[in-house]
Amino acid sequence: MSVDTVPAALAGPLTLVHAADHTPGWWRSAVIYQVYPRSFRDLNGDGVGDLAGITAELPQLAELDVDAVWLSPFYRSPQRDAGYDVSDYCDVDPLFGTLDDFDAMMAEAKRLGLRLIVDLVPNHCSDQHAAFRAALAAPADGPERDMFIFRDGLGESGELPPNNWQSHFGGPAWTRITEPDGTAGQWYLHLFDSSQPDFNWDNDAVHAEFERVLRFWLDRGVSGFRVDVAHALVKAPGLPAWGGRADGNSSDGFPGHEAPMFGQPALHDIYRAWRRILAEYGPDRILCAEANVDPLPRLADWVRPDEMHQAFNFPYLHAGLDPHRMRRVVTESLNALDAVGAPTTWVLSNHDVVRHATRFGYDGPAPRDGDGIGPADPQPNAELGRARAAAATMFMLGLPGGAYLYQGEELGLPDGIDIPDHQRQDPTFGRTGGERLGRDGCRVPLPWRAGEPNNGFGSGADPWLPQPESFGALARDTQAASPSSHLNLYRSMLALRRQLRLGEGSLAWLEDWSTDTSLGYLNGTVAVLMNVGHEPLDLPAGTVLLRSSAAAAMNAPEHQLGSGETVWLEIYIEDTES
Ligand code: GLC
């Protein structure tokens, strides 16, 4: 719609940011659901989720009406970073099953009309990967070492790391090895845990290896790849010292574009080559970048027409519920990505951040990503968090573009907080001596059926992380039976979003709703209005399609929007030309 076709029912100015876009491409408006295999469903009873468990519950995701499922890593791995430390990219870890289990899962997804996207971890592998073991066994000048980033140390006898870079998980980003002859030797770079050596993307053999991996999974039928730390593969020549934060978390104003380990121009040729490989398999296979880049407009560099198809929008995740910040991020995202013809994506939760039902349970600042929450920290207000999470999701799912959901958010799950130290598994916990608790809280196994052992996650061993008490009441079967549950709200939102084709729609800000405590936009004829203030607000004329909170709706009369509530309102557009 254009600025001069202002709906009659909506007095007040509009600012058009994005026109409706019906460019073909399933991913452009898709809702993609992230499955974290360790915590989805444990069918073999060992306390850890598995592929057979995913296959068994896929019908529930089809019923939720998502377009695709992205699976976090299930490859062979010593599990030092929950599978993001891969020792064999073309096999399934026995913890999760077998390649046959993968094929069965793929077949079931096809039957249900769901696409599967897998995680590709190209920045680093596990120190148990055959290539790294060969590198350790080889002489310092051997070609095996050149698959990774080995350097001599500084200091008189090489006892100091080659530069000052820090690991994302805390501590130095370098570890010294013992040479095959028993002497203290070179150092290798690891932007993450010491068990995750970084590949050397200046080496063609690394390119060839990953092209093989891409084809392996494409041949098995996957619809694409989520590319782990896609901004980090190439490092600046000479590995210059970096005085800023070197831990790679560019979520909040971090000048990541200057860091020598991020956003190097040569990265883009890698993704162009991968896109050509995907194109050999038809137009429907996609690449999605996990690229933490600042400032936001630079994200467009990852999704130019011959590069990736999507990139996660972390600035949106970090905008919280601040209307001004949300508006700025949405506007900047749409402007930047429209300029390169790429769709936006929106996201509020994933396996690396505190769940949004918990983050929004704080009135002050929520804990920093990756730090987690423990019993000794200020505690969130669970009810408030869940209500606000519903409002935030309804705001997000009205936006044009694609969206990512994280398993369990449809149940309004909070983070696990009472996790005993000895059960915490995120390497961040160990590498910071417990100072940062890490990401285990958002990775707690899902509750499926109330009253069953482990709330139906698995009937054998205790889950690998303990479930909070509240998971009983939040179990999927209980929620499925309650019309006003979080789960049923998600179902309604997803069904309406599809029916109204909101993902292909437009966005115009409703200026009268752009205040310190509210934000509103028009997508086609649907007004999406959010109230983050403490007072109810009057709704404009229109038909209420959906409200985020049954409880708030009861507190606020029909014609008002309650505190902490979002509404989708159908507006009647007066035909000014007739
Ligand atoms: C990404 C993953 C995270 C992992 C890290 C290292 O950020 O999302 O879980 O620890 O990369 O692979």
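Both counts, for ligands and for their atoms, begin at 1 and track the order of listing. Position 1 is the first residue of the sequence, and the numbers go up from there.
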Using the six-membered ring wherever Trp is involved, compare the ring planes of [X] and [Y] and label them parallel, tilted or perpendicular (cut-offs 30° and 60°).
X: W70; Y: F312; answer: tilted
X: H268; Y: Y271; answer: perpendicular
X: W217; Y: F74; answer: perpendicular
X: F360; Y: H356; answer: perpendicular

Exercise. Are any of the side-chain nitrogens in D103 or R220 under 4.0 Å away from the carboxylate oxygens of its partner?
Worked result: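 Salt bridge flag = yes for R220 with D103.
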For this session: State plainly whether the residues D352 and R439 are in salt-bridge range, i.e. N to O under 4.0 Å.
Result: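 Salt bridge between D352 and R439, a charged N being under 4.0 Å from a carboxylate O: yes.
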For this session: Just grab all the side chain to side chain donor-acceptor pair (under 3.5 Å) pairs involving residues 41-54, residues at least two apart or on different chains.
Result: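 Counting only pairs at least two positions apart or across chains, the side chain to side chain donor-acceptor pair (under 3.5 Å) contacts touching residues 41-54 are R41-E57.
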Quick check on [X] - does any of its heavy atoms sit under 4.0 Å from an atom of ligand 1?
X: H168; value: no
X: R443; value: yes
X: R226; value: yes

Counting non-hydrogen protein atoms only, what is the nearest one to [atom]? Give residue, atom name and distance.
atom: atom 9 (O) of ligand 1; answer: D352 OD1, 2.7 Å
atom: atom 7 (O) of ligand 1; answer: E290 OE2, 2.8 Å
atom: atom 5 (C) of ligand 1; answer: F192 CE2, 3.7 Å
atom: atom 4 (C) of ligand 1; answer: D81 OD2, 3.4 Å

Exercise. Counting from 1, what ligand 1 atoms have a heavy atom of H124 closer than 4.0 Å?
Worked result: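 Reading through ligand 1 atom by atom, the close ones are 6 (C), 12 (O).
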For this session: For R439, counting its heavy atoms only, list the atoms of ligand 1 lying under 4.0 Å from any of them.
Result: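 So the answer, numbered in order with elements, is 3 (C), 4 (C), 9 (O), 10 (O).
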Exercise. With sequence neighbours excluded, what pairs up with D119 under the salt bridge (charged side-chain N to carboxylate O under 4.0 Å, His left out) test?
Worked result: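 By the salt bridge (charged side-chain N to carboxylate O under 4.0 Å, His left out) rule, D119 matches R226.
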Exercise. With a 4.0 Å heavy-atom cut-off (strictly under), which part of F169 contacts ligand 1: side chain, backbone, both or neither?
Worked result: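 Contact part for F169 vs ligand 1: side chain (C-beta onward).
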Exercise. Taking the minimum heavy-atom distance to atom 2 (C) of ligand 1, which of D228, N350, D193, D426 ranks first?
Worked result: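 Closest candidate by heavy-atom distance is D228.
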